[in-house]
Undergrad: 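Quick one: the structure is below, and I'll ask about it shortly.
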Amino acid sequence: MKRQVKKKWPEQEDKVRRLISNLPYEDLRRKYQPNRQYANNSIKTTKYTVWSFIPMNLFEQFHRFANVYFVVIAMLNFVPIVNAFEPGVALIPICVILILTAIKDAWEDFRRYQADKQLNNMPCSIYSRKEKDFVSKCWKDVRVGDFVKVVCNEVIPADILLLHSSDPNGVCHIETANLDGETNLKQRQIVRGFDGSFQPEYFSSIIYCEKPSNNLNRFKGYLDKPDKKKIGFGKENLLLRGCTVRNTDEAAGIVVYAGHETKAMLNNKGPRYKRSKLERKVNTDVLFCVALLFIMCLIGALGYFIWLETFPDIPPFVPPDSNNNYISPALSGFYMFFTMVILLQVLIPISLYVSIELIKVGQIFFITNDIDLYDEETDSRIQCRALNITEDLGQIKYIFSDKTGTLTENKMVFRRCSVMGIEYCHRENGDCLLTALRLGAQCETISDDEDIVFQKPKVPSRLQYRQKKGISSLRRSQSARTHMGARYQSEVFTITNEVAFSSPLETDVAPDRRLLRVTCDEKTQIQEWCRVSHCNGSASFMDFFLALAICNTVVVSTAMLPRQRVSDQHNLFCQVTNDTFSHYDNNVVTLFLRDSGSNNPSRRNSSASHHSEEERGTVSDPNGLCYEAESPDEAALVYAAKAYGFTLLARAPDRVTVRLPQGAVLSFEVLDTLAFDSTRKRMSVVVRHPITREVVIYTKGADSAIMELLDCHGRSAEENKRKKIASKTQRHLDLYASAGLRTLCIAKKVLSEQAYDDWASIRQEAESTIDNREELLMETAVHLETNLTLLGATGIEDRLQDDVPATIAALREAGIQVWVLTGDKNETAVNIAYSCRLFNQGDMVFTLNTDSREQCESILDCTLGEVRRYTAPSQSWSFQSIVGAVMPTESTGPTFGLVIEGRTLSMVFEAHLQMKLLELARHCRSVLCCRVTPLQKSAVVKLVRNKLKVMTLSIGDGANDVNMIQTADIGIGISGQEGMQAVMASDFAITHFKHLKKLLLVHGHWCYSRLAKMVIYFFYKNVMYVNLLFWYQFYCGFSGTAMIDYWLMIFFNLFFTSTPPIMFGIMDRDISAETLLGLPELYKTGQNSEFYKRATFWIVMLDAFYQSLVCFFIPYWTYQGSDIDIFTFGTPMNTVSLFTILLHLAIEIKSWTAIHWGFMVGSVLLYFIVALIFSAICINCNPPSNPYWIMENQMADPVFYLVCIITTVVALLPRYIIRVLQGTLALSPLVQARKLDRLSTEARDQQIKNWKSQRSPSEVPTNLVSPVDSFSNSFEQSFYNSSLEREMPDMQWDSNEETQNTFSKGHRRSISTMTV
Amino acid sequence: MKNQGTTNRPDNTAFDQQRLPAWQPVLSAGIVIPGFLLVGLAFIGIGVALFVTSRSIQVLENDYTGTGSSVHCSECVNPKTTPCTCQLNFSLSALFQGPVFLYYGLSNYFQNVRGYGSLRRPSSSCAPYQYDQNTTIAPCGSVANSMFNDTFTLYQLVNATRKTVPLDGKGIAWWTDYNIKFRNPPEVDGSLAAAFNGTVKPVNWPKPVYDLDPTNPANNGFLNQDFLVWMRTAALPDFWKLYRRITEGEYASGLPAGNYTLEIQYNYPVANFAGRKSVIFSNTSWMGGKNQFLGIAYLVTGSLCVVMSAVMLIVYAKFNSPDEDF
């Protein structure tokens, strides 16, 4: 049989994985195991083993260009004809570099090994045939084909096909936080046909499934039973490695993928490597160095040739080769070229790469250790996932941000609702939120033209002033009001935020008193309600809340650990059955009545205890109920329903139980659930009403998705009423959106038994098909969700994160353009944009929204012209005196904002108008893209990055941001609510948006300035030192002689001058963190690459040439015409260049800590100690002339010191003077900031404040002088445009679709003009 | 919630948070004016001292190549006239302060050429002068082979008679060369010549290494002072090498005014590389030989610093005043 199996496999190998139970083969040797060719569950993420480390690491290191260069040079040393040094000595640098890198790699690998070991030894239960039970083993013992049992709260060790669950419904809940970070529970089903008791011994089916892949959402296969029956299974039957079992006592299944073949491991790609902008620049400059080296070597070779040619006869000092033959001068010159390469090899700063790596390790250490970037709540630091782009943080020009979860908290709170066309503003809910109050004041009379009474918030005087003005101008119309309201609300938001955040009861909803009254009224007449709803099926408040409670996929569980799922009510309630309803089928309906005193919802809520679970989006109940929803919106809605007494008690796949306000408990039979998808933008549940026995569909979805599906064909009074309700609701929805709330529409439909049966059979068919099942299922869903009756709408608030407006303001001051790309709808996005100060009150905001290509172009042109009209005359640099100097500030013209919709964006891309869009965007302070898809997000990032050639940063938290995170130069993931996918794709992971400020402004600036200066210095250092040798060639016949002993020469670069620049690159702090945060403008130096430009490189090269000339020729002229020997001549040069090189760095170091002093003094001491020891012991190192006792002799000679002093002074004088002049004239803001740093804290804060107030005229828009009337006028108009468009369907419902389309295609442009 | 042991919170230390106390100098005119002034004045002082010292050093250099502008020893230029002795006459109008050092100087002689002597791989350092017909050459190598072999004798002309000025050849090599670096092979039967048995003299040498100084048996072999001086590679193509010192008898305090004759045994050919030979009399000071450059350099740099301090003063007056307000 085994042979047979073997034969069969190869054919299927390429398509499917075939596996059978391991149990019959237990205890057999490995070669008899049926599933032996599949990876086992022990994982190994290490690259090396103890034995393979040296060869493999060497192999990897030699893949780097730099190391190859070094090795070639070392090899060249062994060629006798060109050798310049002792070949052994030439190997020292490469060895040191290889060893350093190897140690670093080994350490990293060891850490991985430890992590692996820990993981491999985690306990799990595997079924053993001998023991007839599950026995405890380690993760690494799990093999494909084993039966594994997992219990509640245990982490799943491998990808397991679920065959057994303790749950009577055969489901198992898992939490996938480790995988995708989503904290909600996901249901997994056992494979069909395995309900009942499960006995692994009798499992004799063959499993066919697809090959391992990294797609988390794809898994298909079937079981081949012994009786030839095939049972299919899919991803809903698979438990994934790394997930945690929740809410289920125990589950068991057969392992299908193990170890590295599990989906979790296939998705884990490890750290990413990117080349930073600076490093790319370094690479080109290294090429310049190569060119320089080539030229110098060429000069050497030619020089040698010419030098040889000048002699009439062969002089005694020109050595013949070992056979006493003389090589022709031309050939000698050719060889000399290579000798020169060896001699001057240090010109190519190979150790620069190692130094950069070490510096980045240090920089990352400091970034991750920053206590300001630590989040107390989640106990997490910033994660640096990409190790080599720290300095890019200092050069960002564009930030692309996601909205939900990034700018906002993604913790949803139910704020308002509209039921049957009446608005309930939940005044009680948001005492602290003035918006709600203000809007609440008008909500009851929303359709009347009434003045709004603004509650004056405590805001800065400027704001108050504006508001007073605003009130007077806001008498126009309600439409303007909504916009203005939103605008002010944004200001208010920022002020009240802290209050809002201090509230621990984030999910607490205080019911609207009026609405509560309505529902209470109804509940006293529950019978009537039943009858009414039975008779005409008209929508009601009850329906609305029922829909909120049941139209979702929320899982109910008890709050206690282990999370016990609640699927049945009998253990919770044992109340008296009310006879009134007993005539309905008691088997289906169980209606309980409770005494109405105990369930006053508001009382219950106020006493609600809040568990730590809440932080993860779960909602608890005094009864110990926990709601775990796939999206926070759902949880918020369920909770809102509960606040009104409609408590979702339990949910099972086929049954959902709700407790009504009066205590009755309704149990709905769930006939079908049409899950949410992004195309339909809605979800529905099909239930059988327990009382009326009707088949009811409750649908919940985006307003655009629902409004189109409303039943609008009738002409009766009833229909007209519905239309009216719909239009009112639409208006409310607009209001919500403009208040920054997320909106959802709730609708219902009653289906006749016949219609349902028809549909159910189609549905059944669709479910059973294998090919394009998804499409068919969606089709059936769309088919059912028609002719809906609108019940109402909800507004859910997504609160801004801490300090978002301040962060955005600071980033903008830093010269960074912030773009927000969101999938949200226009109004919501715009309002969040205002509230987070992306747009300011005075900004002109252009909205691009069109469906047609032609219009798209004309709109772009038009807007561009408009923008140019404003910017052209005011495009001047105004100079301002800040702390005694001038500093450029932005022009005082109006600032622009741009809103572009996803559709329009795709038009732009289709019509190749990208450049125009960019041109427009460049004039705008901020750009907001709404309703964009993940792909569009990355397309926008790519467009800006490639076309404008700027450094971009993307920040996001969800799976939909992964594309843009990966596209941008730097991707930042926010580890928060939505999950790990963004973090996995990111280079840095932070916990809050506000951390971006310090990360960029402080760490970015530091990392960039440090590394840039270090790199520049490194180039200088090598060129300066190598040129000394080069100048000497003119005095030794270009023969490649070095006047410095080669040991000291190699030590010079390796030890004496290597650590100070590394220390400098890690530790130097040109400006303190406080000043950098206080003056974000300083960030611009990094953006413009001011520390490392092409010119900087050449200037430092010139300086290096100058210094080397000084360091060579001052000793030369001093010792010229004397009996000086070669090493006595070289020693002062070596010493002088050491001093020059170190003091050059000392001039560049901006802050001297004890560590700086230690490294600098230590390097000098090290030089003298090593040189003294070396010349004391080296009797015969470098014959015939050798360095023996030369250092000692020199140090006894006063001339040595005199030479050292004057040479160092002359070499550094120009640089020093320039730095002094720079410091005195203080032209650059950096110098000014450094001066600020020297002040006391108070004085500095005062100065920063002064500086800001001087600047503010350009920052604060000219709104104080502007006639606000025109401002509101334009808004009014723009609002009419938009509302017209939206209300159009309202009026034209009966007309055919074509006219509708033609209208909505009509473009709309709103420009908020402000007269300046 | 915040356990000390398990929390991931970074340490709030000055080092981790990059808040170590630091000295943050801002270079500006006001601060550097006194510095420039002090350095400038100090340099001028040193410069003056160096300049004065250097001026007091006397140097007398005579080219005796015999070709070109040199008139001396032209009779010996033809390599065929060997041995050739020539004379160089000079007169001193004043006392040449002692102790006087006698150097020979070579120009355009690249003793520092790689492969000639310095910086060669030791294994092959002697090739091609390692074996002469399979017999080891001692001392081997091209440096030794091309050793300078002109000799000088100095006479003072006192009343038309030549009075020999004693030249001291002891201790002209580096102490370390003589005592540590170079060693003679152990003498065999008290004879150095026997120790060198089995070796031949370098190709260009007239006599073997154990016979270099017939007057003083101790000054032979590898420890011959002239040999040691020659073996120390010169740094530059125009170099001096110490030949003798005049430290004895009546000349210990210097060469008195009068006429002198230097008798030169002209052996060493320089014509084939356009080299020049010269002989130099010089005395020394604490700063070594005569060198005007260092003193001038100090003076110039010192003055520059003083000028800079003045410039800085102007800059300071013009630009720095508003800064001092805070």
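Throughout, a chain's letter reflects where its sequence line sits, starting with A, and its residues are numbered from 1.
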Undergrad: Within the distance-only criterion (no hydrogens, no angle test), does the side chain of Asn291(B) pair as donor or acceptor with the backbone N or O of Trp1117(A) below 3.5 angstrom?
TA: yes

Undergrad: Is the distance between the ring centroids of Phe110(B) and Tyr1035(A) under 6.0 Å?
TA: no

Undergrad: With respect to chain B, which residue among Ile1155(A), Asp1070(A), Ile1217(A) yields the maximal number of heavy-atom pairs within a distance under 4.5 Å?
TA: Ile1217(A)

Undergrad: What part of Gln18(B) lies closer than 4.5 angstrom to a heavy atom of chain A: side chain, backbone, both or neither?
TA: both

Undergrad: With chain B, which of Val1199(A), Val1209(A), Asp372(A), Ile371(A) has the greatest number of heavy-atom pairs at distances under 4.5 Å?
TA: Ile371(A)

Undergrad: Pick whichever of Trp1157(A), Tyr1216(A), Trp1189(A), Tyr1116(A) has the most heavy-atom pairs under 4.5 Å with chain B.
TA: Tyr1216(A)

Undergrad: About how many Å separate NZ of Lys1150(A) and CD of Gln24(B), when rounded to the nearest 0.5 Å?
TA: 11.0 Å

Undergrad: Taking Asn8(B)'s backbone N and O only, do any of them form a donor-acceptor pair with Arg381(A)'s side chain (distance below 3.5 Å, no angle check)?
TA: yes

Undergrad: Are Asn112(B) and Tyr1032(A) linked by a side-chain donor-acceptor pair shorter than 3.5 Å?
TA: yes

Undergrad: Parallel, tilted or perpendicular for Phe273(B) and Phe317(A), by the 30°/60° rule?
TA: perpendicular

Undergrad: Please report the interatomic distance CD1(Ile1206(A)) to CD1(Ile46(B)), rounded to the nearest 0.5 Å.
TA: 8.0 Å

Undergrad: Measuring from Gln111(B):CD to Ile1126(A):CD1, what's the distance to the nearest 0.5 Å?
TA: 9.0 Å

Undergrad: Checking side-chain contact (heavy atoms from CB on, under 4.5 Å) for the pair Trp174(B)/Asn1193(A): CA distance, chi angles, key distance, verdict?
TA: CA-CA 10 Å; Trp174(B) 279 48; Asn1193(A) 265 327; 2.5 Å; yes

Undergrad: Regarding Arg232(B) and Asp1125(A), does a basic nitrogen lie under 4.0 Å from an acidic carboxylate oxygen?
TA: yes

Undergrad: What is the distance from atom OG of Ser28(B) to atom NZ of Lys1235(A), rounded to the nearest 0.5 Å?
TA: 5.5 Å

Undergrad: Can you confirm if the aromatic rings of Phe366(A) and Phe15(B) lie within a centre distance of less than 6.0 Å?
TA: yes

Undergrad: Are the side chain of Ser1039(A) and the backbone N or O of Arg114(B) linked by a donor-acceptor pair below 3.5 Å?
TA: yes

Undergrad: Examine distances only and state if a side-chain atom of Arg1234(A) and a backbone atom of Pro25(B) form a donor-acceptor pair shorter than 3.5 Å.
TA: yes

Undergrad: Output the distance between atom OG1 (Thr1153(A)) and atom CZ (Arg19(B)), rounded to the nearest 0.5 Å.
TA: 14.0 Å

Undergrad: Among Ser380(A), Pro315(A), Ser1072(A), Ser1151(A), who wins on heavy-atom pairs under 4.5 Å with chain B?
TA: Ser1151(A)

